[in-house]
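Here, residue 1 is the first one in the sequence, and each next residue gets the next number. Note: hydrogens, waters and symmetry copies are ignored here, and every other heavy atom, side chains too, is used.
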Amino acid sequence: MGKMEMITNTSPRKGVNNVHPTPPPLPAKAPEYGRKGIFMSKRSAVTRYSSASSTARDLWDSLFDGGYRADVTIKTDDGGIIYAHANVLGMASPVLRGMLKRAKGFGKKKSISIHGVHQDAVRVFIRFLYSSRYKYEEMKEFVVPLLVLSHAYAVSSLKRVCEQQLEHGLLNLENVVDIFQLSLLCNAPRLTLISHRMILSNFKAVSATEGWKSMRNSHPGLEKELLESVIEEENNQKEKIRKSKERKIYLELFEAMEALVHICRDGCRTIGPHDKDFNQNQTPCNYRACKGLELLVRHFAGCKLRVPGGCIHCKRMWQLLELHSRLCADSTSCRVPLCSNFKEKVKKQSKKDEIKWKILVKKILRTKRIGGSVSFIASSTSMSS
């Protein structure tokens, strides 16, 4: 009851000055040890972290370094021994848990072996099981054996770290072949894709490395597959360039058709329909092909070899006029010269020539991503007005 009265008496009342005790200072801002710590500056030799607090990780590191009540000895190459704790190893790795169940030892202490990698790499691996902590210089030196260990002992968090470090700087021309082979063995599809792209992009330099020569001797089938993919990539690049040039030509033809309609309907600068007044100082039009087409039309009008086959420039003009007629939707009201004449000529053409023209028209319209001659329907209609 007394306690209740004390609480009531200290509550604020009207007319009484509220005196509040000074609050305690806020705790210092905790350092941000998040996943972004993985991508810190490569020049920094500081330790990387995942998500737990620094204090907790320091305790886990101290437990590992001091070996307090360690009940497992890990034997490595060159007779090295690392002391650890069975509970920590078993919780971090299901593979190590199984090994510890089968391990033999004296009393409560058990012994297991991790061979095939450097002792220092094993120590970095075991430390990561304790605190998820590593130093960049250690990762840079042992990223390949750490990737192997993380896969072999099913430590997915370390495996992700290794993949990310390789993707963001540790993958280079010297180790890309080894990493590519390991990514296939370690079921790391993203790393496989990244290393494969690097090989294709730098094939000449990569094929001269020791890693490539070693792969040629140990896995000739894999070398054959890579060579086939390099050839395929080169062919794809050539095809891409060819299609790009082809698309550029079709786009230029389409722009030429638009400029031709513009000249014959509205007129441009000093050329156009006979019923239009022209001003030589008028602003240029928005059609890029207009200037070149204007020169071609002037040549066509004054050339003495205007018959088809007599002049290469006039031949080009004949082709443009015929192409327009095939794109034009209403030749009766169209003001482009000879549009209706070419429409009649089409009926007398051979089937072979007809197919060629149809394919050309289809590709031009596809390049502009339109389903038909919409722009020319509009142009022809406006010409008659």
Side-chain angles (χ1 to χ4, degrees), residues 33-68 70-97 99-100 110-172 174-175 178-179 182-183 185-188 191:
Y33 298 128
R35 293 184 62 83
K36 65 180 181 179
I38 295 173
F39 306 111
M40 294 170 67
S41 173
K42 296 178 185 178
R43 296 179 181 178
S44 175
V46 299
T47 307
R48 269 35 171 198
Y49 307 94
S50 292
S51 57
S53 68
S54 176
T55 304
R57 292 182 182 279
D58 288 340
L59 290 175
W60 285 108
D61 275 339
S62 297
L63 181 63
F64 172 69
D65 293 332
Y68 179 70
D71 54 358
V72 178
T73 56
I74 303 172
K75 297 180 180 179
T76 63
D77 291 341
D78 301 326
I81 295 178
I82 299 173
Y83 295 97
H85 301 79
N87 289 337
V88 176
L89 301 183
M91 290 296 294
S93 168
V95 178
L96 289 174
R97 187 188 312 149
M99 292 174 62
L100 290 169
K110 296 183 178 181
S111 176
I112 59 175
S113 298
I114 298 180
H115 296 297
V117 296
H118 195 276
Q119 177 184 353
D120 292 340
V122 179
R123 180 173 293 277
V124 174
F125 171 68
I126 299 300
R127 179 184 295 278
F128 189 90
L129 300 185
Y130 277 75
S131 61
S132 298
R133 178 180 281 184
Y134 64 92
K135 292 182 179 179
Y136 178 76
E137 292 301 324
E138 294 174 338
M139 177 61 68
K140 185 177 180 181
E141 183 178 0
F142 301 117
V143 63
V144 173
L146 287 175
L147 177 62
V148 174
L149 290 171
S150 65
H151 177 73
Y153 294 98
V155 184
S156 58
S157 57
L158 178 58
K159 186 176 180 180
R160 285 194 300 271
V161 170
C162 293
E163 291 177 2
Q164 291 167 347
Q165 288 292 336
L166 284 165
E167 181 179 351
H168 293 87
L170 295 186
L171 185 66
N172 54 57
E174 291 298 325
N175 65 11
D178 296 331
I179 298 301
L182 280 177
S183 66
L185 296 173
C186 297
N187 190 26
L191 192 56

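Within the 4.5 Å cutoff, the side chain of L166 has heavy atoms near those of the I179 side chain. Looking only at side-chain heavy atoms (C-beta outward), I82 and F64 come within less than 4.5 Å of each other. Within the 4.5 Å cutoff, side-chain heavy atoms of L89 are placed close to those of I74. When side chains are defined from C-beta on, T76 does not count as touching V117, because their heavy atoms never get closer than 4.5 Å. For the pair Y136/L170, a side-chain contact is recorded, criterion being any heavy-atom separation below 4.5 Å from C-beta on. Using a 4.5 Å cut-off on side-chain heavy atoms (C-beta onward), M139 and V124 make no contact. Here the side chains of H118 and P145 are not in contact, with every heavy-atom distance at 4.5 Å or above. Within the 4.5 Å cutoff, the side chain of L158 has no heavy atoms near those of the Y134 side chain.
Here the straight-line distance linking atom CG of L147 with atom CG of D178 works out to 11.5 Å at 0.5 Å rounding. With rounding to the nearest 0.5 angstrom, the NZ atom of K75 is 6.5 Å from the CD1 atom of I81. The CE atom of M91 lies 7.0 Å from the CZ atom of R97; values are rounded to the nearest 0.5 Å. Taking NE2 of H151 as the start and CG of L146 as the end, the distance is 14.5 Å to the nearest 0.5 Å.
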**Asked** So Q165 and C162, side-chain contact (heavy atoms from CB on, under 4.5 Å) or not? Walk me through it.
**Response** CA-CA 5 Å; Q165 288 292 336; C162 293; 5.9 Å; no
**Request:** Let me see the working for V155 and L96 under side-chain contact (heavy atoms from CB on, under 4.5 Å), right down to the final yes or no.
**Result:** CA-CA 10 Å; V155 184; L96 289 174; over 6 Å; no
**Request:** Before giving the answer on side-chain contact (heavy atoms from CB on, under 4.5 Å), spell out for R133 and S54 the whole-Å C-alpha distance, their side-chain angles and the decisive distance to 0.1 Å.
**Result:** CA-CA 10 Å; R133 178 180 281 184; S54 176; 4.0 Å; yes
**Request:** Test side-chain contact (heavy atoms from CB on, under 4.5 Å) on L171 and V143 and set out the steps.
**Result:** CA-CA 10 Å; L171 185 66; V143 63; over 6 Å; no
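Remark: R127 pairs with D61, D65 by the salt bridge (Lys or Arg N to Asp or Glu O under 4.0 Å) rule, at least two apart or across chains. A search for side chain to side chain contact (heavy atoms under 4.5 Å, CB included) contacts involving E141 returns nothing, not counting sequence neighbours. Under the rule for a side chain to side chain contact (heavy atoms under 4.5 Å, CB included), the partners of V148 that lie at least two apart in sequence or sit in another chain are L182. Considering only residues two or more places apart in sequence or on other chains, E174 meets the salt bridge (Lys or Arg N to Asp or Glu O under 4.0 Å) condition with none of them. Considering only residues two or more places apart in sequence or on other chains, A86 meets the side chain to side chain contact (heavy atoms under 4.5 Å, CB included) condition with D71, V72, L100.
Judged purely by atom type and a 3.5 angstrom limit, K159 has no side-chain atom pairing as donor or acceptor with the backbone of A188.
For F142 and F125, the ring centers sit 6.0 Å or farther from each other.
Each side-chain hydrogen bond (donor to acceptor under 3.5 Å, both in side chains) pair with one or both residues in residues 77-96, not counting sequence neighbours, appears once here: D77-H115, H85-Y130.
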